[in-house]
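Here is the structure we will look at, set down as structure tokens.
All values below come from the heavy atoms of this structure, side chains included, with hydrogens, waters and symmetry mates left out. Along the sequence shown, residues are numbered consecutively beginning with 1. As the structure is a computational prediction, the values presented were derived from the model and not from experiment.
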Amino acid sequence: MGALSIWHILAIVIVVALLFGGRGRISGIMGDTAKGIKAFREGLKGEDEAHEEEEPAKPLPKAAAKTTSTARAKAKG
């Protein structure tokens, strides 16, 4: 139970060959991952720019604010 059988060794060899075999397979995978992350960040920036283009809410005119406060004062008194 404690010793490695031929099947364990073959499985380890296959995994190592897949990871390190070929011409820079790990670097290719990392490059693809980096491209995916970069595209995701650019997509998020596009959403932020869309929100920034909208006009911000305008404050109420001062006359309307005074009218509301005087109406409340008259209602209390």
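- Every residue meeting the side chain to side chain contact (heavy atoms under 4.5 Å, CB included) condition with V16, not counting sequence neighbours, appears here in chain and number order: I12, F20.
- For I6, the side chain to side chain contact (heavy atoms under 4.5 Å, CB included) partners at least two apart in sequence or on another chain are L10.
- For residues 4-13, the side-chain hydrogen bond (donor to acceptor under 3.5 Å, both in side chains) pairs, not counting sequence neighbours, are S5-H8.
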